[in-house]
Structures are given as structure tokens and as C-alpha cells.
Participant: 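The following block contains the structure, expressed as C-alpha cells.
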Protein chains: 2
Amino acid sequence: MIQLAKELGLSVSTVSKAIGDSHEISASTKKRVLELVKKYKYKPNPFASNLRKKKGKQIAVIIPDIVNNFFALAVDGIESVTMSKHYDTFIYLTHENLEREKAVLEHLESGLISGLIISVCTGREGYSHFQEFYEATKLPLVFFDRVPDLLQFPKVITNNYESSFDATVRLIKAGSKRPVLITTTEPMFTSMERRRGYQDALEKQGIVFTDEMIIHCTDDMELNYTILRKIFSQKKRPDGIFASIEKYAITSYQVCKDLKLVIPKDVKVIGMTNLRTAALLNPSLSTLSQPAFDMGKEAAGLLIKMIEKKSYAAANDIIVLPNELTIRDSI
Amino acid sequence: MIQLAKELGLSVSTVSKAIGDSHEISASTKKRVLELVKKYKYKPNPFASNLRKKKGKQIAVIIPDIVNNFFALAVDGIESVTMSKHYDTFIYLTHENLEREKAVLEHLESGLISGLIISVCTGREGYSHFQEFYEATKLPLVFFDRVPDLLQFPKVITNNYESSFDATVRLIKAGSKRPVLITTTEPMFTSMERRRGYQDALEKQGIVFTDEMIIHCTDDMELNYTILRKIFSQKKRPDGIFASIEKYAITSYQVCKDLKLVIPKDVKVIGMTNLRTAALLNPSLSTLSQPAFDMGKEAAGLLIKMIEKKSYAAANDIIVLPNELTIRDSI
DNA sequence: GGCTTTTACGAAAACGTTATAGGGAAAAAC
DNA sequence: GTTTTTCCCTATAACGTTTTCGTAAAAGCC
């Protein structure tokens, strides 16, 4: 910039202001400056700029996993916004590891970023690190999908309860007398909402709920297979599945295939998933899918609004987007 | 830091050096400093630090797409390395848009990062922006998978030629008399290598190659369906498919299903894909899959080595990893 | 014309680090 | 006993911006 100033016969302050499009600078000077900027492809040093301004145009995204269509789509949505607003996006993966999540948050307390989008890892304890992060930095935080239900932060979620209710009703109306819910052992707000929807649907449809109708699966695909196979080998086996997690729908299919249970005749299945190949499975899988891309977009939009203080009210916003039920051949 | 220095009765320089573990500082002082650092959870301001040191611990990843198992896995691999080395990772998506790719590169000339990992978007012209980026910044660049074959940069690729050769041979040995290659209209180094492997395998196996045996598909899934359906409706239709791009395998399945062509009896299929659901398709899809996670790991490892100048020789490294052929029921 | 206000620019300080050069005391070397 | 070396530490100047404040000239006002 000193170079530019010298060549233009101006001071660095003037050049800086011209680049920043300050009203203090005349149109003619701005034009002269910008021309030279273009000529030399000059780019202000972001570190110097951020240091002086005490903030930058960088945000971070913390998610459990990227090898998962839902999160990949969400990141896609986030990036589409940050790109258009000229923000840079850091990405951090926790792999469902709470310690890792805490470590990333602590690292970010250094002030590297101006805002943060998070989908928390499994487990419903230990939300305190988010609160601490906020106290320490006062930076805007936006949660999406996997949100800490007990904390007061802006969130982007889906209508898990209602859509799970609807999906379960569809299973029952399609003829399932004993539909089970496959969920995770890990406590999560989203799964609890889905479970509530499932149970309320049963009640509404006059089906008696028993504890065995909730099947708890894990992160271990092999183990899940064993668990499901055992349950579906029983004489009084379930005749419907609401798989509330993507991968459990896949395992269900595997088990049914191996046990020669015909979908949808013997077992009706609806899976909560964003898999693009759902329509190509045999039979094509009925899905309850989340508007992942839009969730990312909304979260990023909200965050940037908060960063740029265009909307102070945003702080307690909770944006609810609808899940989409797509009925295919599996029910 | 001034605060810390005051409280310890030391100068800021001493504190800075103690934190930086400089040999100029005695062990006892270091201990005192680090204790207070811990107590106050002090984190050096990265902008100030980067500004003064003229470099930082941030790198960028530029890829065409994240909603694609291959790239998601690669990012996972990259992040696993950057995380352990305490680097921060920016992510940028080009969506196969060359202009976007150029814009990101130009943006990064500001000096925000210390290194760059790229998988280029389709099209084999216009590699000059990479060269220009390098000239302007002298920053280390590592390419993976989609590499600019004409440029001298370190690369992480797979044995596309050999593995495509092998896959084609397997198709033929499984009984296909007229296997076709489905590839993209967009020129890319990887597809060209795959095509070479395919053609050489045909020749080796004594099958006469004709131009119609290369089927060009696009980014438009609807159009691809139409193209494939037309070809497979002909009386003299192909009896084997080597789908060299993930999504084309899916469309192939759809077309076969709709035309009531039985896989593998009527048509044998091998798809180049990292889809986790390949085994669940009907019939299960034989795949040639890329070691995406490892490619990401290698690329990030190489980049960080170059950044930290531990290995000057890295600059012209080309790391070749093997693709994996998994034969399932589709051939 | 004398007054205030506005416009357009520059000087200098600040942002929070790290690197360079330097210095004083203690230890080592002769 | 003097010189040299080593060990710790400090003062100060960067790094490249932005911002605050000051000011001269131009413009507006009666």
C-alpha cells in the first residue's frame, strides 16, 4: 500500500480509505486508486486488516462428520452463502468426539473467526463449553440440526416431531401392525423428538406401545446387523421399520434381504435419510429427508446477519424447516 | 500478553519467547509463564502473530463438490492430518465452474493461507491461473485426483490407467462381448487415463474398438438417462458397462431396470464409485473405488511437509495410490 | 466580506505479536 | 586478575493495515 501511495502521490491513509470506499475520499481520487489497485492486483493483507479492525471475514463450521450426505449438503449450503458474501469458511470434524469438539472450540477462542456454525456431536451432557466459548468471545453462534436444546442460541432445525409422527402414521396406514423405531443409543435432542413423534403416532392410531418397540443401535455397523438380525429372526417379529438414522435404514435392508423378508410385503420401511441412491435400492426406499442444503443456507445467512449486526433480533431465532416425506415402494 | 508480562514482572519479549519455547529463556521462567498462560487461558492473537511472522497455520482446500462421497472422504482425510498438525482448513467449492475456481485462487493471493490443496474442475484448458497463483505467492500447492497433467506440481493420484484396464478385462472375462465405456463430455486427465486403460484392455482381449463404444454423458442426469436409454434400446445394444464416473453407474442401473434388462445376465456393470450403498443395490454393484481418504491424507501430509520445509524434495513428488476393484453381483 | 460548515486529505497512533540487537551478571577460560 | 563466553533477559522496531484527529481549502450563508 505504501508503494501505491507513493506512486499516486497520496498518503497511505488516503489509499486505505479509498479502497475502503470511505465517504471522506473524492470520487476522482477513488477512481485513480482503484485503477492502480487493479493494475497491480493489490490485495490488502488480511492479517493486518483483521488485526487492526479486530475482526475478519472468516467463520468456522464444526460438524460431526462430512462423509454423510446430510452434513455434506449442509456444508454445501453454508458455502453457497459464505461464498456470495465473501467470507472464508473453516471446517472442523469432531467424529462424534466430545473432547475433540471442546478442543476445537478452545482453539477458536484465539479470535481466528468472527462467527461459528455448529452441529453438536452425540451426547446431551456437557454443553457448557458452548456457553464458555460465548462468554469468552461474545461471538455469534448458530446451531443447526443437532442443537443443544437446553441452551439459548439461534438454531436451525426441522420439524422432527411432526414429520416423524406423519411417517409413523403412514407406516401404520400402509398396514404395519407393529412398526418399530430404530434409533441410536446416544442421547440426542433430534432423536428424542423423533421418538416422541413416533410414540404419539402409535397412540393416536391405537397401537399399544411397548419398550421393545424401540430398537437401539450403535455406531458399529457389524453390531447393528447382529442386533437387528436377532430381532427380525423372532417369531413375533416387527412388520414395520421407522429408521430414524440414515445408516440404520441400510442395515435394515441388509437384514431383510438376508432373512428373506420381502419389503414391503413382510416389512414396511421408512428411512430418515438424504441418500441419493434411496430410489435405486430394491425396493426403492421411502424416505423422510431433511432439507440439508437449505438448513446450511439459513444457518449461514443468520450467522452473517448477526456478525454484521444487521439484525440484533436474530440472537434468539429458531428457524424450523420441514422434512420431506417421499413415499416409494418400501411401504 | 502485556497483562501477563506485568503480572510476572517480565517483559513482553520474554513472555513471547517463553510461549514460543525459545532456548533463550530459562526453564524456570518458561514454567512460570506457561502456568499463567494456562490460568488465564491466554491464546496469542493469530492475526498479530501471522502478520509479524508473515505466515500462518491455515491452508485451503479447493474442490469441485462436497456432496460426493469421493471428495467428502478426501476432505475427511485432509482434515485428519491438518487437525493433528494444528492447522486450520478453509474449504471452497467450485461446482465445476472455472470462473469460480479462478476467483477463489485470486482471493487467496491475499496471503490468507500458507498452502493449498486442489482438485481441479472439469476442462483441460486454462491451467494458467495455477501457475500465476504460484508465481504471485510462491506458496506450496498440492493437487489430488483431478490434476493438471501439463503442470509441474506435486500430485496425489491413483493408477487410473492400470485399474481401468483391469476392470475392463474383468468385464470381458465375465462374458461381455461388447462392453462400453461411459465417460464425461468434459475433458479431464483422469477420464482420459481411464479411457486409455479401457481401450488398451479391449485391444489386448481382441475386441475391436469402435467410436460408438464410448458413451459421453453430461452433468444433467435427465439428459444422461435419455442418452443411455436410447443406446440400450437398440437391437445391437452393449452387454457391458464400465461407468467411469460415480453417477453414471446409478443412471445405468435405472435404465436397465426400466428397460427390463437383467444385470448381470443381459448387461454386466462395473462402476467407478465410492458409494457406500454399492453393495445394497440390486444386484450389488461391482466397483472400482478410489482410496479417497488416503489420497486426502497424503496430499495434506505432503503439503505440510512443504510448508514446514522439512522436505525440499517434495516439490515434484507424484504419489500414486492404487484403486480397489471389488467384484460383486453385477458382473 | 466575515462567519460557519463541509469536503478532502495527511500525520500519527494503534492493533498484538515476534525478531533483532544489545546488555549485564555470572560462569568459564586463560 | 583479566578477558571471554554463556546465559537470561529487555528495549525497540518492525509487520501492514485502519482509525482518530487535525487542518487547509472550498463552499455555504446572511
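In what follows, chains carry the letters A, B, and so on, assigned in the order in which the sequence lines appear, proteins first and then strands, with residues in each chain numbered from 1.
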Participant: May I ask you to verify if any side-chain N or O of B:Thr14 is less than 4.0 angstrom from the OP1 or OP2 atom of D:dC9?
Facilitator: no
Participant: Please evaluate residues B:Asp88 and A:Gln58 with respect to the criterion side chain to side chain donor-acceptor pair (under 3.5 Å), reporting the C-alpha separation (whole Å), side-chain torsions for both, the decisive distance (0.1 Å), and the verdict.
Facilitator: CA-CA 11 Å; B:Asp88 303 293; A:Gln58 288 78 39; over 6 Å; no
Participant: Among the nucleotides C:dC9, C:dT17, D:dG16, which one has an atom lying closest to any side-chain atom of A:Thr29?
Facilitator: C:dC9
Participant: To the side chain of A:Arg52, which of D:dC8, D:dC15, D:dT17 is closest?
Facilitator: D:dT17
Participant: Report yes if at least one side-chain N or O of B:Lys54 is closer than 4.0 Å to OP1 or OP2 of D:dG16; otherwise report no.
Facilitator: yes
Participant: Is it true that the side chains of A:Gln3 and A:Tyr42 contain a donor and an acceptor less than 3.5 Å apart?
Facilitator: no
Participant: Of A:Ile78, A:Val81, A:Asp76, which meets side chain to side chain contact (heavy atoms under 4.5 Å, CB included) against A:Lys297?
Facilitator: A:Val81
Participant: Is the base of D:dC8 touched by the side chain of B:Glu24 through a donor-acceptor pair closer than 3.5 angstrom?
Facilitator: no
Participant: Between B:Tyr42 and C:dG16, is there a side-chain N or O to OP1/OP2 distance below 4.0 Å?
Facilitator: no
Participant: Base contacts versus sugar-phosphate-only contacts with protein, heavy atoms under 4.0 Å: please encode nucleotides 23-28 of chain D as B, S and - from 5' to 3'.
Facilitator: ------
Participant: Check the orientation of A:Phe144 and A:Phe70. Use parallel for under 30°, tilted for 30 to 60°, and perpendicular for over 60°.
Facilitator: tilted
Participant: Between D:dT12, C:dG16, D:dT19, spot the one nearest the side chain of B:Ser13, thanks.
Facilitator: D:dT12
Participant: Between C:dG16 atom P and B:Leu4 atom CG, what is the distance in whole Å?
Facilitator: 13 Å
Participant: Are B:Lys30 and D:dC8 close enough that a side-chain N or O sits under 4.0 Å from OP1 or OP2?
Facilitator: no
Participant: Can you tell me if NZ on B:Lys38 sees more than 12 non-hydrogen neighbours from other groups inside 6.0 Å?
Facilitator: no
Participant: Provide, to the nearest angstrom, the distance between the CG atom belonging to A:Asp21 and the P atom belonging to D:dT18.
Facilitator: 13 Å
Participant: So what does A:Leu51 hit on the nucleic acid, given a heavy-atom distance under 4.0 Å: a base, only sugar-phosphate, or nothing?
Facilitator: base
Participant: Just checking, is any N or O donor in the side chain of A:Thr82 or A:Thr89 under 3.5 Å from an acceptor N or O on the other one?
Facilitator: yes
Participant: Does B:Ser26 reach a base, just sugar-phosphate, or nothing at all? Heavy atoms under 4.0 Å.
Facilitator: sugar-phosphate
Participant: To the nearest Å, how far apart are A:Lys57 NZ and D:dT18 P?
Facilitator: 13 Å
Participant: In whole angstroms, how far is the C1' atom of D:dT19 from the CD1 atom of A:Ile19?
Facilitator: 15 Å
Participant: Starting at CE of B:Met1 and ending at C1' of D:dT12, how long is that distance when rounded to a whole Å?
Facilitator: 13 Å
Participant: Looking for any heavy atom pair under 4.0 Å, which part of the strands does B:Gly111 touch: base, sugar-phosphate only, or nothing?
Facilitator: nothing
Participant: Quick check for you: to the nearest 0.5 Å, what is the distance between B:Ile62 atom CD1 and B:Phe130 atom CZ?
Facilitator: 7.0 Å
Participant: Under 3.5 Å, is there an N or O donor on one side and an acceptor on the other linking the side chain of A:Ser11 and the base of C:dA11?
Facilitator: no
Participant: If you look at every strand shown and take non-hydrogen atoms under 4.0 Å, does A:Ser16 touch a base, only sugar-phosphate, or nothing?
Facilitator: base
Participant: Kindly point out which of D:dT19, D:dG16, D:dT10 is positioned nearest to the side chain of B:Leu10?
Facilitator: D:dT10
Participant: State which residue, out of A:Ile157, A:Thr190, A:Leu321, fulfils the side chain to side chain contact (heavy atoms under 4.5 Å, CB included) condition with A:Asp145.
Facilitator: A:Thr190
Participant: Among D:dT20, D:dT17, C:dA21, which nucleotide sits nearest the side chain of B:Lys17?
Facilitator: C:dA21
Participant: Tell me the interatomic distance from A:Ile2, atom CD1, to C:dA11, atom P, rounded to whole angstroms.
Facilitator: 13 Å
